[in-house]
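Notes follow once the structure below has been shown.
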Amino acid sequence: MYFRRFRIWFFAIAAFVVLLSATVLVQKRLDTIVKEDKLVDEGNIEGLPPMVAFTTVALGGFRGILADMLWLRTNGLQQQGKYFEMVQLASWITKLQPKFTGATAYLAWNMAYNISVTYTSPVDRWRWVQRGIELIRDEALNYNPNDPLLYRELGWIYQHKIGNMLDDAQRYYKYMICKEMMKAYGGVEPDWEALAAAPKSNAEFRKLHAEDAALWEALKKAGFEDLDALQRKFRELGALPDGLAAALKPGTSRALECFLRNCWLREYYKLRPEIVLEINRKYGTLDWRLSDSFAIYWATLGIMYSPKRQSIDCDRMITQSLKESFIAGRILLPGKEPSMNYMLIPNLDLVDAVRETYQEAYERNDTSTFKSALDNFMKDAVVTLYSYGKYAKAREYFRMIRKERRNDPRYQDFDQFILREWTEDVKDGNYKQVHELISGLIFQSCLLLGYDDPDGAQAHLRLAEIAYNRFQKEYDDEKGRVRLPPFDTMKTEIARSVIQNFPAIGERVKAYISNAQAEKAEETASGASAGAASSGAAGTAAQGR
């Protein structure tokens, strides 16, 4: 009997030792994974009021309860319309529960969408859209740099809220992004390769330029004790202070500016130049002053951090934003500075990338939505390419469509297809489609002028005006439509772009425009003279009676 008890205790103790050893081994492995993948928040909570900080430390693992209390408080403040206090509460919730990314994503979406539309001023609306972006980009991503949800949500705000036409203030949003980024870039676009190769931290820069005594002496004379102070001033000005720039050698000045811009983009905008380079090489050069480019950027990161590097939501975001970049992916400014009088025109170089990306997404995700979107894009691409004078490419894409639809009579004749699509686009198209169509016709008119074909140019211009008037009439019938810019403004901006970007024909286009303006002035003067003479004759006749 004692032997039996001993045997039971022996096996129980042996099993306990084995299980305990296994638990220790598994726990060590789990601890390693947690540490390597940063699955817990190991940072200190900073910037909280003393009472909240004390409560957080005192509660320890129960700080989620405090986050829930703040969450309830946030909902109450929104119902009372006390939005500005919500900003601080949202920041605290993010710090208290940094791994609860779903809550952060909702708070950011709420600011960008629900709160912003309670204001009528574009300036006030932009402030809330921007705050939603900053909550994810500047706070949540610091705690969760590997969370694909945050990248996807951030991309959605850029694609849908800013890039789309649903918000009355969308033009202002686009202007503000253009203005911000041109300041950070120091112009239209930086040298991405130079930025990718530049030092990424103060320590790297100091190590690289440790022997350059003249540089450090110039910094001290300019009043900067360290690189952090210079960073702050640089971001305020958008350039090196004049005194410092003048005191440095050109090569040193360029290296310093490149380093400062690199840190600015990486630290504040979370924009990695090497990823931008990769995107440009894959799809074609994007205009990195536009929201659709940023949607592609964040969706690309979302895929990078997704399991198995796959995400159908990010694939949709990339294909849709790339298509929009083809349709309206270049911004034209009336001068060198950002302006609300900008125009968006197609980025025709992206056409093949859009088609290939749709095809790859269709094959990767095996869903018909990508195939349907590809079919629609192919038809739009033919019209857009033709409108902008890319006749060979337009016919190439038309042949691709006809190859799949050999028996469809609508795709047998190229000219009839173009005419039918134009008519349908003007009648049923949205703002972007019609804007792109009219811009393309005006652009083609300018090109024809440059090639000494004034009759063809006049025909395209007349067709553009017909399309413009038709859309504006539809606007009067359907009050929800967004109005196009004045037709004369569209003509002027596109003509200026052609003159600047096509020097071989620019002078000729300018000459035609000058002659047309002179003729119009003469006609106006002649009409005024004839009117005055007629009035004088009528007055004389009246006196005679």
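Residues take their numbers from the sequence shown, with the count starting at 1.
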Apply side chain to side chain contact (heavy atoms under 4.5 Å, CB included) to residues Val117 and Asp168 and explain how you reach the verdict.
CA-CA 9 Å; Val117 296; Asp168 294 340; over 6 Å; no

Apply the test side chain to side chain contact (heavy atoms under 4.5 Å, CB included) to residues Phe443 and Ile345: give CA-CA distance (whole Å), side-chain angles for both, the deciding distance (0.1 Å), then the verdict.
CA-CA 10 Å; Phe443 180 84; Ile345 64 171; 5.7 Å; no

Between Arg254 and Glu257, does the salt bridge (Lys or Arg N to Asp or Glu O under 4.0 Å) criterion hold? Intermediate values first, please.
CA-CA 5 Å; Arg254 283 195 299 272; Glu257 182 177 346; over 6 Å; no

Assess whether salt bridge (Lys or Arg N to Asp or Glu O under 4.0 Å) is satisfied between Lys393 and Glu396, documenting all intermediate values.
CA-CA 5 Å; Lys393 198 69 176 178; Glu396 176 189 335; 3.5 Å; yes

Using the rule given for salt bridge (Lys or Arg N to Asp or Glu O under 4.0 Å), can you reason through Glu139 versus Arg131, listing the C-alpha separation, both sets of side-chain angles and the distance that settles it, and then say yes or no?
CA-CA 11 Å; Glu139 297 194 46; Arg131 184 60 194 124; 2.9 Å; yes

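Comment: Arg330 does not engage Glu189 in a salt bridge, judged by the lack of any side-chain N to carboxylate O separation of less than 4.0 angstrom. The pair Lys220-Glu217 does not meet the salt-bridge criterion, since no charged nitrogen lies less than 4.0 angstrom from a carboxylate oxygen. A salt bridge links Arg235 with Glu267: at least one charged nitrogen is closer than 4.0 Å to a carboxylate oxygen. Look at Lys233 and Glu236 and you find a salt bridge, because one of the NZ, NE, NH1 or NH2 atoms lies within 4.0 Å of a carboxylate O, short of that distance. Look at Arg496 and Glu493 and you find a salt bridge, because one of the NZ, NE, NH1 or NH2 atoms lies within 4.0 Å of a carboxylate O, short of that distance.
At a threshold of 4.5 Å between non-hydrogen side-chain atoms, the residues Leu344 and Leu290 count as touching. Side-chain contact between Tyr283 and Leu322 is present, with heavy atoms from C-beta onward closer than 4.5 Å. Counting heavy atoms from C-beta on, the side chains of Arg316 and Asp313 come closer than 4.5 Å. The closest side-chain heavy-atom distance from Arg289 to Ile177 is not below 4.5 Å.
Residues Tyr268 and Trp264 place their aromatic rings such that the two centres sit no closer than 6.0 Å. Taking the six-membered ring for Trp, Phe326 and Phe377 have ring centres closer than 6.0 Å.
For the residue pair Ser201 and Cys263, the shortest heavy atom distance occurs at N-SG, 4.5 Å.
The aromatic rings of Phe294 and Trp288 sit perpendicular, their planes meeting at an angle over 60°, well past the 30° parallel limit. Relative orientation of the Tyr113 and His160 rings is parallel, given thresholds of 30° and 60° on the angle between their planes. Using cut-offs of 30° and 60° on the angle between ring planes, the pair Trp128 and Tyr119 is parallel. Note on ring orientation: taking the six-membered ring where Trp is involved, the planes of Trp192 and Tyr185 are perpendicular (angle over 60°, cut-offs 30° and 60°). Ring planes of Tyr172 and Tyr175: tilted class, angle from 30 to 60°.
Not one N or O on the side chain of Ser321 forms a donor-acceptor pair closer than 3.5 Å with the backbone of Ile318. Checking side-chain atoms of Asn347 against main-chain N and O of Thr285 turns up a donor-acceptor pair under 3.5 Å.
Side-chain contact of Arg266 with Asn262: a donor-acceptor pair under 3.5 Å is present, judged by distance alone.
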